[in-house]
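Step one of this worksheet: look at the structure below.
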Amino acid sequence: MERQYFDEVYQVVRLIPKGRVTSYGAIAAYLGMRSGARLVGWAMNASHSLSDVPAHRVVNSKGLLTGKFHFKTPTTMQRKLEKEGIVIIEDQIQDFKKVFWDPSKELL
DNA sequence: CACTTGACTTATT
DNA sequence: TAATAAGCCAAGT
């Protein structure tokens with residue numbers, strides 16, 4: 001169980017500000033992986049064990065809620081994001097560029 | 001033990 | 001411009 005990247009992924013996700021979202025690739029890049037986005041997805045899948053991991057703030061590069069079906073209910077993810085002020089239409093985040101939070105640039 | 005799959009992304013054809 | 005291939009790590013079969 002060498003989850004060397006898993007823990008790092010969780011920590012970054014935990015640092016996502018409320019009302020902002022990030023992408024799997026951004027997290028992967030911040031961890032030094034060029035294309036470890038899939039691994040980030042796996043980390044999210046395993047994040048169900050944890051309680052402090054706002055996986056709903058992690059979307060794909062297009063701002064699409066691809067992982068919403070992995071939540072308790074398919075609407076949980078969207079509802080949580082909308083509750084934080086993010087507008088979503090047809091599983092697509094509106095003004096994605098504005099709410100996008102890049103750890104490598106904003107977390108420093 | 002080897003192959004496939006998975007909440008992805010970028011590059012190439 | 002759209003479709004396909006390749007690349008990455010971990011876990012499941």
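Proteins come first, then strands; the chains are lettered A, B, ... in the order of their sequence lines, and each starts at number 1.
- Taken together through direct or relayed side-chain contacts under 4.5 Å among Ile, Leu, Val, Met, Phe, Trp and Tyr, A:L64 and A:V21 form parts of separate hydrophobic clusters.
- Taking 4.0 Å as the cutoff to heavy atoms of chain A, we find the contact window on DNA chain B bounded by B:dG6 to B:dT9.
- Tracing side-chain contacts under 4.5 Å through hydrophobic residues (I, L, V, M, F, W, Y), one never reaches A:W42 starting from A:F69; they form parts of separate clusters.
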Just list the side-chain donor-acceptor pairs under 3.5 Å for residues 97-105 of chain A, sequence neighbours left out, or say none.
unit_1 : atom_1 : unit_2 : atom_2 : d
A:D102 : OD1    : A:S104 : N      : 3.1
A:D102 : OD1    : A:S104 : OG     : 2.8

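- A:L31 and A:Y5 make their closest contact through O-CE2, 3.9 Å (heavy atoms, listed as atom of the first residue, atom of the second, distance).
- For DNA chain B, the residues of residues 67-85 of chain A within the heavy-atom distance limit of 4.0 Å (strictly under) are A:G67, A:H70, A:F71, sorted by number.
- A:F71 is not connected to A:V58 by any chain of hydrophobic side-chain contacts under 4.5 Å among Ile, Leu, Val, Met, Phe, Trp and Tyr, and they are in different clusters.
- Residues A:V12 and A:L50 fall within the same hydrophobic cluster, defined by Ile, Leu, Val, Met, Phe, Trp and Tyr side chains chained together at heavy-atom separations under 4.5 Å.
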Strand DNA chain B as a dot-bracket string - pairs counted if Watson-Crick or G-U with both distances under 3.5 Å, | where the partner lies in another strand: .|||||.||||||
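- Heavy atoms of other residues, nucleotides or ligands lying less than 6.0 angstrom from CZ of A:R14 number more than 12.
- When heavy atoms are screened at a 4.0 angstrom cut-off, A:H56 is found touching no nucleic acid atom at all.
- Looking at A:I86 and A:I93, their side chains come closer than 4.5 Å, going by heavy atoms from C-beta outward.
- Looking only at side-chain heavy atoms (C-beta outward), A:M44 and A:V13 come within less than 4.5 Å of each other.
- Put simply, the side chain of A:Y10 gets close to the backbone of A:A43: a donor and an acceptor are under 3.5 Å apart.
- A:L39 has its side chain within reach of A:F6: a pair of non-hydrogen atoms, C-beta onward, lies under 4.5 Å apart.
- Between A:V59 and A:G63, the shortest heavy-atom distance links the atoms CG2-CA, 3.8 Å.
- Residue A:A43 is out of contact with every strand shown, counting any heavy-atom pair closer than 4.0 Å.
- Atom CE in A:M44 sits roughly 14 Å away from atom P in C:dA11 (whole-Å rounding).
- Taking atom C1' in both C:dA3 and B:dA7, one finds a spacing of 23 Å when rounded to whole Å.
- Within residues 8-42 of chain A, the residues that have a heavy atom under 4.0 Å from DNA chain B are, in order of number, A:S23, A:Y24, A:G25, A:A37, A:R38, A:G41, A:W42.
- By the side-chain hydrogen bond (donor to acceptor under 3.5 Å, both in side chains) test, A:E84 is found to be paired with A:H56, A:R57, residues two or more places apart in sequence or in another chain being considered.
- When heavy atoms are screened at a 4.0 angstrom cut-off, A:N60 is found touching the sugar-phosphate backbone but no base atom.
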